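Just so you know, ligand 1 is whichever comes first in the structure, and atom 1 is the first atom listed for that ligand. It should be emphasised that the depicted structure is a prediction, and the values quoted were computed from it without experimental measurement.
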Amino acid sequence: MISIDMKQTCAKCNKGGCTAMCHGCQQSFCTKHFIEHRQELSQQIDDIGQEHNILRRDLNCDKNIDSLLEHINKWEQESIKTIQTCAHNARSALQQLYNQTKNKLIISFGKFTQEIQDCRQLDNYTEINIKNWIEQLKELRQIIERPSIINIDYDNNITSAIKLIKVTDLQHSNLSFSQEKQSNENNNHTNEQIVGSSSEKFKDTFGSITLSTDGLTA
Ligand SMILES: [Zn+2]
Ligand SMILES: [Zn+2]
């Protein structure tokens, strides 16, 4: 309802008489400017509607978690690559060390074999040689059977081979928005409903999540 108060002047054109009052902003208007005022409010609610739609679209878009997941995936791939490179190098080093040790044994064994063959052919050996060869056989047997001289251990010199990551919640920001329906006052100068007076309650918690290296190494 548009109520008329002859004493009031229009907030827009300052003319007196035939004036309606907006309960929202407590301003009085002439009929023409009251219609304009309503159109302005109508434009504003349209703008809010647009922003609301954009917000809903952004809520459905998981851009934030996608980039964090991408961060974890990247760390995972890089860590796997680091481990694979380290394992590859360790295997190469082990093979090289094993081959060197084996070659030395083969050379020693070859010399030993040659010595026995030579002495046998020439029939030139005594108990001293026999005793010596028995000792050599024992020695070679021990070398073959003893636990590996090659050891595999953690390299304490390389502390930053792989840094473990952890997910932490930097800060809890509790956004609490509660808007109770406001009663429309029984006012003779009022002709509009309060915009946005729905009784919706909206509570949510937004966490600020971060990924960081844990300082731990694997
Ligand atoms: Zn006016
Ligand atoms: Zn108003």
**Request:** Provide the protein N, O or S atoms situated under 2.8 Å from the Zn ion (ligand 1); waters are not included.
**Result:** Cys10 SG, Cys13 SG, Cys30 SG, His33 ND1
**Asked** Heavy atoms, side chains only, cut-off 4.5 Å: are Gln136 and Glu115 in contact?
**Response** yes
**Asked** Does any non-hydrogen side-chain atom of Cys13 lie less than 4.5 Å from one of Cys30?
**Response** yes
**Message:** Need one value: angle at the Zn ion (ligand 2), Cys22 atom SG versus Cys25 atom SG, rounded to 10 degrees.
**Reply:** 110°
**Prompt:** Taking atom types as modelled, is there a side-chain donor on Gln50 or Asp46 under 3.5 Å from an acceptor on the other?
**Reply:** no
**Item:** Asn73 versus Gln77, side-chain donor and acceptor atoms under 3.5 Å
**Value:** no
**Prompt:** According to the interplanar angle, ranging from 0 to 90°, do the rings of His37 and Phe29 count as parallel (below 30°), tilted (30 to 60°) or perpendicular (above 60°)?
**Reply:** parallel
**Prompt:** For Ile65, does the CD1 atom have more than 12 heavy-atom neighbours from other residues, nucleotides or ligands under 6.0 Å away?
**Reply:** no
**Request:** Looking at His37, pick out the N, O or S atom nearest to the Zn ion (ligand 2) and give its name.
**Result:** NE2
**Message:** Could you check whether Glu51 pairs with Arg57 (Lys NZ or Arg NE/NH1/NH2 to Asp/Glu carboxylate O, under 4.0 Å)?
**Reply:** no
